[in-house]
Asker: 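Sending over a structure as structure tokens; questions will come in a sec.
Being a predicted model, the structure only gives us computed values, none of them experimental. Labels below follow one simple rule: chain letters A, B, ... track the order of the sequence lines, proteins then strands, and each chain is numbered from 1.
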Protein chains: 2
Amino acid sequence: MKRATIKDVAEAAGVSRAAVSKVLRNAYGLSDDMRTRVEAAMTALNYRPQTAARGLRGRTYTLGIVLPDMRNPFFPDILDGVISTLRSTSYEPLIGFRPSAEATEQHAIDTMLDHKIDGFLMVAPRLEEAYLTAVATSVPTVMIGRHDRDCGYDTVNNDDRTGARLAVEHLISLGHRDIAYFGLDPASAAPNNSTTRRLVGYRETMAAHGLADRISIFEGTHFRSDRYDEEVSRRILQSQPRPTAVFCWTDSVAFTLMAEAAKLGIRVPDDLSVIGYDNSRLAALPQLSLTSVDQAGHQLGSDAMKLLIERIEGRQTDQHIILPPHLDIKGSTGPVPARG
Amino acid sequence: MKRATIKDVAEAAGVSRAAVSKVLRNAYGLSDDMRTRVEAAMTALNYRPQTAARGLRGRTYTLGIVLPDMRNPFFPDILDGVISTLRSTSYEPLIGFRPSAEATEQHAIDTMLDHKIDGFLMVAPRLEEAYLTAVATSVPTVMIGRHDRDCGYDTVNNDDRTGARLAVEHLISLGHRDIAYFGLDPASAAPNNSTTRRLVGYRETMAAHGLADRISIFEGTHFRSDRYDEEVSRRILQSQPRPTAVFCWTDSVAFTLMAEAAKLGIRVPDDLSVIGYDNSRLAALPQLSLTSVDQAGHQLGSDAMKLLIERIEGRQTDQHIILPPHLDIKGSTGPVPARG
DNA sequence: CTGAAAGCGCTAACAT
DNA sequence: ATGTTAGCGCTTTCAG
């Protein structure tokens, strides 16, 4: 059975195509009687407007959600928030990822641009601000995980510096001094992105506690290859002197580190304390029990989506939301081990 | 700067729009000279065809990947395979999930249908076969995780009955007799889907080893609510007599079960052996070390994508691929505990 | 409040 | 081998 078009609905309801279109878009200037008749015809014919055709002239009512990958356990939390906000609207999400660890999110962005989506919500830590600004001039955009300003798009973040401070201070309070940071490769991360802010927070806090000379930064990355985090983990664990605690920019990296530690017979938290970021659900598994900075992914997602919809409805000025993080202390952090 | 259209390219290259369109589609009847000129113009103008407009007449070169959720760690493996096959083609993927645990994949399917995608690759265990067949008549479709036949779409699967047999026989060889199955709620799963097959394999193998009276089935589900698996886990762990081993339909459910066991002070594998299915990457984490049936998600994904492209290029007959599973024995299974 | 008509950017069938 | 033209299904002026 062929799909019904707007013409079919118009004929069935005995009105013009324009009238049907108005019902579709909830537009002004329509009698109740007409609306009812059209709606009846739409149901009867099981009509759905064809987005491709709508896109040619007007909106598609489709939003592009662009994420780096599907593996980071934090993203589902964001997506949950996105969807909870979307439910009360007539917008539909379409999701895209980087096609590989070496690629960027640009591919997904282009595909969605070609489909004429109405707005973007993205997590794209490695893309250049200039490029994003260009995208944002053609499509309303909100970013999570970047602290850019005057960029033409909204941003939603947690306070990454504070988050880092909470993590490092927790470790210091446990007696740790050799605290390393496991971050992103700066070459593949934009200056304003979350991990860079966490790095700053780490440096500041270390310095504030007289530990400037203990600062030790390892630049791993999700962006080079799938297995790169394992390599960096081993490098950390084999460095001399080995840090007694590691603050990781995201939970999944912390899991990898803990896995490599286990392989080397290094016990967590007895020999090594580990803190993650994001407090994803997996961190709560008793076997992992990862102390982690919680940045309320669900709320990041729902706030971001609210901003996006505002922007689509017409707001022009940039808006920036910063949420407070908190530390969720679990079993992966403990007192500094006695000197061997 | 406004986006260039096919008309702009045609003018810049001094040819007709039809010629440009032919270059785009690699169509027959074009001189080399012309093709070169058009390609030069496209690059110069930074031209990208607008998918929405293409869709109105022809193909969109976009494929819909429909998945139940983003949390099951098995799906990224499938996606990797999908993308590796896609790389050598001119198709782009767009991804959709169920909007909530209570909803179905139909929502995502409809959105993509509205966008006029050229083909579907889906994992949709709960949808009715009749509905899927209807979808497949309008768009080439291949399914992962269902063993439907004569349905108008291709299927790619591992041999779920064999996988279940491998798991149960492993447990039996370790001396277990009280082996439970943690499956999907049959009310929310189609009869031919993978989990149902695993259930059959479990039953058969138990019976074949004279353990028919020990068959014990717990029907959890990803489909009712987010936290339902925890509830079912507790029910399993508190049942009398408590099984000494549990075979779980998917890894993530096994993780939940292990987490609940830990909370109750039940040790794995000393007090309880656990086997998962999918052998996702997380299963390899030493802290989890989950014995699991490996079904090579990457290959499922790439095979499925190959079938889909064949279908788009014209194949009409249904094709069905079944891959052999193997058991990856790790630390979550051990000898049956001595009778208390 | 309603309908007629033009056109969005592309493809496909048809001429040349 | 190349160009012309008529739509695809919808939205959007603009008259009535």
Side-chain angles (χ1 to χ4, degrees), chain A residues 2-39 41-42 45-62 90 92 110-111 113-118 138-139, chain B residues 2-39 41-42 45-62 90 110-111 113-118 138-139 312:
Chain A
K2 253 196 75 218
R3 187 173 173 137
T5 73
I6 200 171
K7 198 176 147 220
D8 301 327
V9 176
E11 280 168 8
V15 301
S16 74
R17 279 154 34 190
V20 179
S21 175
K22 281 185 181 169
V23 173
L24 239 33
R25 289 170 293 126
N26 235 315
Y28 173 81
L30 221 45
S31 67
D32 280 357
D33 170 56
M34 190 150 219
R35 159 164 287 123
T36 329
R37 258 163 50 221
V38 170
E39 277 166 355
M42 295 200 303
L45 294 174
N46 193 22
Y47 171 74
R48 292 181 60 94
Q50 197 157 295
T51 312
R54 305 183 88 168
L56 228 41
R57 288 294 260 163
R59 297 183 174 184
T60 55
Y61 298 92
T62 307
S90 51
E92 301 292 338
D110 285 340
T111 300
L113 242 18
D114 298 344
H115 273 271
K116 295 226 64 177
I117 46 103
D118 292 347
S138 69
V139 178
Chain B
K2 252 196 79 214
R3 186 174 172 136
T5 72
I6 200 171
K7 198 175 147 221
D8 301 325
V9 176
E11 280 167 8
V15 301
S16 73
R17 279 157 26 188
V20 179
S21 175
K22 280 185 183 172
V23 173
L24 240 33
R25 290 170 292 126
N26 233 315
Y28 173 81
L30 220 44
S31 68
D32 279 357
D33 170 58
M34 192 148 218
R35 159 165 286 123
T36 330
R37 257 162 51 220
V38 170
E39 277 167 355
M42 295 201 302
L45 294 173
N46 195 21
Y47 171 74
R48 292 182 60 94
Q50 198 158 293
T51 312
R54 305 183 89 168
L56 227 42
R57 287 298 260 163
R59 298 181 174 187
T60 54
Y61 298 92
T62 307
S90 51
D110 284 340
T111 300
L113 243 18
D114 298 343
H115 274 270
K116 294 228 62 179
I117 47 103
D118 291 347
S138 69
V139 178
I312 292 176

Asker: Just verifying a value: how many Å separate B:Leu56 CG and B:Lys116 NZ, rounded to the nearest 0.5 Å?
Answerer: 7.5 Å
Asker: What is the distance, rounded to the nearest whole Å, between atom CD of A:Gln50 and atom P of C:dG9?
Answerer: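 Computing the A:Gln50:CD to C:dG9:P distance gives 18 Å.
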Asker: Considering residues at least two apart in sequence or located in another chain, which fulfil the salt bridge (Lys or Arg N to Asp or Glu O under 4.0 Å) criterion with B:Arg48?
Answerer: A:Asp110, A:Asp114
Asker: What is the distance, to the nearest angstrom, from the NZ atom on A:Lys116 to the P atom on C:dG7?
Answerer: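 Interatomic distance, NZ of A:Lys116 to P of C:dG7: 17 Å.
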Asker: Measuring from B:Thr60:OG1 to B:Ile117:CD1, what's the distance to the nearest 0.5 Å?
Answerer: 7.0 Å
Asker: Which whole-number value in Å describes the distance from B:Tyr47 OH to C:dG9 C1'?
Answerer: 7 Å
Asker: Mapping B:Met34 and B:Leu56 to their closest nucleotides on DNA chain D, which lands nearer the 5' end?
Answerer: B:Met34
Asker: Of all of residues 13-24 of chain B, which get a heavy atom below 4.0 angstrom from DNA chain D, listed by number?
Answerer: B:Val15, B:Ser16, B:Arg17, B:Ala18, B:Lys22
Asker: Do A:Leu24 and A:Tyr47 come within less than 4.5 Å of each other through their side chains, counting heavy atoms only?
Answerer: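 Counting from C-beta outward, A:Leu24 and A:Tyr47 do come under 4.5 Å.
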Asker: Hey, are the side chains of A:Arg3 and A:Asp8 touching, using non-hydrogen atoms and a 4.5 Å cut-off?
Answerer: no
Asker: For the pair B:Arg17 (side chain) and B:Lys7 (backbone), establish whether a donor and an acceptor sit closer than 3.5 Å, ignoring hydrogens and angles.
Answerer: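 Side chain of B:Arg17 to backbone of B:Lys7, a donor-acceptor pair under 3.5 Å: no, none is there.
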Asker: Hey, is the side chain of A:Arg54 poking within less than 4.0 Å of OP1 or OP2 on C:dC8, counting only N and O atoms?
Answerer: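 Checking C:dC8 against A:Arg54, no side-chain N or O comes under 4.0 Å of OP1 or OP2.
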Asker: Starting from P on C:dA5, measure out to NZ on A:Lys7 and report it in whole angstrom.
Answerer: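 Interatomic distance, NZ of A:Lys7 to P of C:dA5: 14 Å.
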Asker: Would you check if A:Thr51 and A:His115 make a side-chain contact, meaning some heavy-atom pair closer than 4.5 Å?
Answerer: no
Asker: Please state how far atom CZ in B:Arg48 lies from atom C1' in C:dC10, giving the value in whole angstrom units.
Answerer: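 Interatomic distance, CZ of B:Arg48 to C1' of C:dC10: 15 Å.
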Asker: Taking any atom closer than 4.0 angstrom to a non-hydrogen atom of chain A, what span of DNA chain D does the protein reach, first nucleotide to last?
Answerer: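 From 5' to 3', the first and last contacting nucleotides are D:dG9 to D:dT12.
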Asker: With heavy-atom distances below 4.5 Å as the criterion, would you say the side chains of B:Glu11 and B:Val20 are in contact?
Answerer: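 No, too far: nothing below the 4.5 Å cut-off.
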Asker: Respond yes when some side-chain nitrogen or oxygen of B:Arg57 is under 4.0 Å from OP1 or OP2 of C:dA12, and no when none is.
Answerer: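 Answer no for this pair, as no side-chain N or O of B:Arg57 is under 4.0 Å from OP1 or OP2.
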Asker: Measuring from atom OH of A:Tyr61 to atom OG1 of B:Thr111, what distance do you get when rounded to the nearest 0.5 angstrom?
Answerer: 14.5 Å
